[in-house]
Every structure is written in C-alpha cells, then in structure tokens.
Amino acid sequence: MIPNSTASRFTRLFGTGLLVIIAFWLLFAFFWSDPDDTQGEVVRLFYVHVPSALGTYTAFIVCGLASAFYLWKKSEFADLLAHAAAEVGVVFCVLMLATGSIWGRPTWGTYWDWGDVRLVTSLVLLLLFVGYLALRAVPGDSGQRSKQASIVALVALLDIPLINRSVEWFENKTLHQKGTVLLGKIEDFNLFATFLGVVAMTGIMVWLMVHRFRIAWLRRQLLTTGLDQALLERRAEATGDVGGATAYNGFAPAIAAALAFQQTDIPGNWGYIFAGWGLSLTVLALYGLFLVREGRRLTQAVPPERRRWTTTPTDEGSR
Amino acid sequence: MSAQNADDVGDAYEADAELSDLTPRSREAAPRRGAIATLLTGAVVLALGAVVVIFLRNASLSVYEADQAVANRTELGTDRFRLIGSPVEGSIVSYEGAGAETGEEAIAFTVVFAGVNADVFFVGPEPSELFVPGVPVFLEGNWEQGTPPGVDGFANGANDGYYFLGDELRVKHDNDYRNDNEERLNDAEVGGLQ
C-alpha cells in the first residue's frame, strides 16, 4: 500500500483514542475536580502546565537518546528521530514556559522571575534546542551537521536534571515550589485530572512526533531522488500552498488572544485559566494541522516507491 | 490502499511532475535560508549569553530568611537583598495614598521565619491574591532605620527600630494542592459517620 500522506491506520486510530482521552481530561480539569484551598480555580492551570513539562522532558530525552545512537551507529533513523523529537520538544517547551508564566501572574504576582533557577534553566533548555534546530538548518555537509547537532542535544540534555532538582537544591532560595505529584501532595480527582493530562499530552507528543518523523524521512527521500527543496517550492507556488505557512500564521492570533484574555476582569482568575488552556490547545492543534498538510504535500512530491518510511534508505541517500 | 489507488497516486505524481519545471532554479533562495539559519544560530548563542548574565546578576543578590536578615542587620547595612518570611496574622495594613504618586500599593506588615519577626514596608505593584498570612513571600529591598513615613507602628510586629523597605513582592505558594473535599472527609471521620 502506497501512502499518500503521513497519516496511517496507526495514527488515525491513535488520534481518535487521543480525542476521547482529551475530552475526559477537560471534563476532569474543569468540571469534576475541586478548586484548591489556597489558589482557588487557578489551580486548573496545573493540569496543563505539568503535562507540558513532562512532554518537554520526554521529547528532549528521546532526542538525546536518538542523538547518542546516531553518534554510535550513524543510523539515519536515529538522526531523523532526533530532529523530529527536538522540534516537537520545542513546541512543548514553549507551552510549558507560557502556561507557567500565565499561572505565575495570579499566584506569585509576576509572569517571570530572573532569580528563579527553574525558570531560567528551562529558558536555557528552550534556547539550546532552538539553537539545535537552527544548526540543523545551516547549509553544509549533512553528516557533519547531524554530528554537531547530536553533540548539542547531548549537552542540552544535561540541563534537564538541573531543572528537575533545582527546586530541591535551592528550596528556600527559589520561588518555584517543590515537586507535587511524586510527593503525594495532590489527591482525588485533582490527581486524576493531572494523570489524564500526562497521558493526553504524552499521546499528543507521540502523534506529532510520528508525523514529524515521516516528514523528515520524506524530505530526505526528496534529496535522495535529486528533487531538491526548490521543486517543493515550485509545486507550492503552483498550488498556492506555501508550505503550510497558513497553519503557522494562526499562531500569532492565538498568542495575541491568550495575552488579551488574561487581562480581562473575569472573576476567579478565569481569564488566566482560559488563556493558558486556550493557548496550549490552539498551538498544538495548529502545529498538528501544519504537520498533516506538510506531510500530504511532501508525500505527493516523493516518488511512490520511496514513500515507505519503514524501508532502509539507499546508501547515497543516507548522507 | 488498492492497486488501483496506488496507480492513481503514481499517475498523479507523474502528471504533477510533468507540470513542474525541473530546470535548475536560481540558487538565491538556498543561500538566503542558510543565512537566516546561521543568523538564528548566532542569535541563540547571544540570547543564551544574555540569559546567563541576567541570571547571574540576579543570583548575586543575597537571599536571607527573616531570622538571618535580623541577625546580619549590621553587616547588611543598606545593601539590597532578598528577604523570605511568612506574613504574621493580623499584621497586614494597607496605606491608601502612600504610593499614590506612582499608582502603587503601600502595605505595612511583619514576616516571621524560625520564630524571628521582621517588619516590612512594601511600596510596589499590587501583590497577588495569595498574599495572605501564613503563605511565604519573597521581598526585594533593604533595611531602613526608624519607621516608615505615616506609619506609627507595626501591628503584631517586631517594632525594633528597623524595617525592611521592599519594592518587589512575590508570593511563594507551596506544593500542597488540597481542597475542601478532603477536609470534609476528615471532619466526617472525626465526627463519626452516623
């Protein structure tokens, strides 16, 4: 069977299951869990912020492991997986920082604190992986570039234990609270809402990563067949599709709406809650839409015999 | 996908390929993308440097719990530092108009850490709703001698002739997420389920 998009039976079934989990996640987060004694309703941002953070760490750890495997075995599969995981991880990392900042305003009294170790090390993590993606886009020998990027990923990975342990090491010197879930500091439906959030966000991360990996694979196939990126642009010009940019164009209004929403005087900090949740779900939906469209476009551009991302690439195509 | 569908896909590809002009394009686009990627890489390196510098500048600000701050008051002088403590019950008094010129809040209160009280006069942006007795706060500012202008004394405070003049206030909420439901269950257990 020759695929005509990056979707497959697995991604469709998995995606459908995810929608059901997301529906229950929303029900638990907004209707079936009680407000916190101290924070009130704004605690509902916890159910999207913590899963975003776990998704970030997971994606970057996958990137790091794949990078290590690439350096060891020179596996093209690992190289493409590392690239896909890094990009998805950056999206999750942006959401982690955004939801954390939005949550910080009504609780800490500020969006950001430069003296807080966890916030700053998280920002450093984001910058390191944005740098990783930029490095991969720099022209030059692709093998050398992959090697350099893999080393950057492994260095960046060292930041994750620092982020995780900082709240313990600097307990009374840092603003960020200590860990919650593993210390049993959350219970009942509030814990279940968090658990569903972790399942949903991890699932979304996997779904995005599968599509992003297949796109990376198709791009490599295009280079292999000698139809370079210019051909893609030509085809896009002919169809009026500018590389899924229309999907990305939705990010700016989503961010603007989130910023505007949190400023509203809705009682109970619901402006912040809707801003954090709305931004997260909108960005993930737009990114998913972009990947699906980009995947369909690229699949059509690749010769049918090279559309299988499970086959071993030819030697000339591996670098 | 059936064999017919597979053929359709292949045909569509071939037809589309025929429509596409495969003559080499101008290479201007590729160098432009490369230049953007190189610039972005450089910008990320610069941003990382800036973040580290800003963080180190903030980290150089000493952090003292209220008991340490009181014990080291002489050495601290009027140096700026971060003070940590929990507002004492009944000590929070807002002074309307004290920060009116800048549109800021002026609040007098006392914080406690390890049983030692320190009086605080805060003038700055309105604190979050979680600014209540018992929830720890981070303050930035310095020691001042005497009492703040317009303030006679600190309710339930140390009133030891010094006060901490703060202009930044952050609430450090804890990691405990409980709700009334649990309290109700506990009450029910204590009272006995009839």
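Just so you know, these numbers come straight off a predicted model, no measurement behind them. We name chains A, B, ... by the order of the sequence lines, and we start the count at 1 in each one. Note: hydrogens, waters and symmetry copies are ignored here, and every other heavy atom, side chains too, is used.
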Go through the steps to decide whether B:I54 and A:W114 satisfy the test side-chain contact (heavy atoms from CB on, under 4.5 Å), and finish with yes or no. CA-CA 7 Å; B:I54 295 170; A:W114 282 106; 3.4 Å; yes
Has B:F81 got more than 12 heavy atoms of other residues, nucleotides or ligands less than 6.0 Å from its CZ? yes
Checking B:E65 against chain A: side chain, backbone, both or neither under 4.5 Å from a heavy atom? side chain
Please flag which part of B:L169 lies under 4.5 Å from any non-hydrogen atom of chain A: side chain, backbone, both or neither. backbone
Residue B:L40 versus chain A: region with a heavy atom under 4.5 Å: both
Identify which part of B:R82 has an atom lying under 4.5 Å from any heavy atom of chain A, answering side chain, backbone, both or neither. side chain
Identify the two heavy atoms, one from A:T107 and one from B:S128, that lie closest to each other, and give their separation to 0.1 Å. O-OG, 2.6 Å
Side-chain heavy-atom pair B:V51, A:L127 within 4.5 angstrom cut-off: yes
Flag if over 12 foreign heavy atoms under 6.0 Å of CD, B:E89: no
Looking at B:K172 and A:D113, does any basic side-chain N land under 4.0 Å from a carboxylate oxygen? no
Under 4.5 Å to a heavy atom of chain A? For B:F113 that would be side chain
Atom CZ of B:F55 and atom OG1 of A:T121: how far apart are they, to the nearest 0.5 Å? 7.5 Å
Greater than 12 external heavy atoms within 6.0 Å of B:R57's CZ: no
Please identify, among A:V120, A:D116, A:L135, the residue contributing the most non-hydrogen atom pairs under 4.5 Å to chain B. A:V120
Is it the case that atom CZ in B:R73 sees more than 12 heavy atoms from other parts of the structure closer than 6.0 Å? yes
Which atoms of A:L175 are under 4.5 Å from chain B, going by heavy atoms: the side chain, the backbone, both sets, or neither? both
Hey, which of B:V171, B:L61, B:V52 has the most heavy atom pairs under 4.5 Å with chain A? B:V171
A:Y132 versus chain B, the contacting section by heavy-atom distance below 4.5 Å: neither
Side chain / backbone / both / neither for B:F138 at chain A, heavy atoms under 4.5 Å: side chain
What part of A:V43 gets within 4.5 angstrom of chain B, counting heavy atoms only: side chain, backbone, both, or neither? side chain
Structural part of A:V167 lying under 4.5 Å from a heavy atom of chain B: neither
Separation of B:T41 OG1 from A:R136 CZ (nearest 0.5 Å): 12.5 Å
Quick check on A:F30: does its CZ atom have over 12 non-hydrogen neighbours (other residues, nucleotides or ligands) under 6.0 Å away? yes
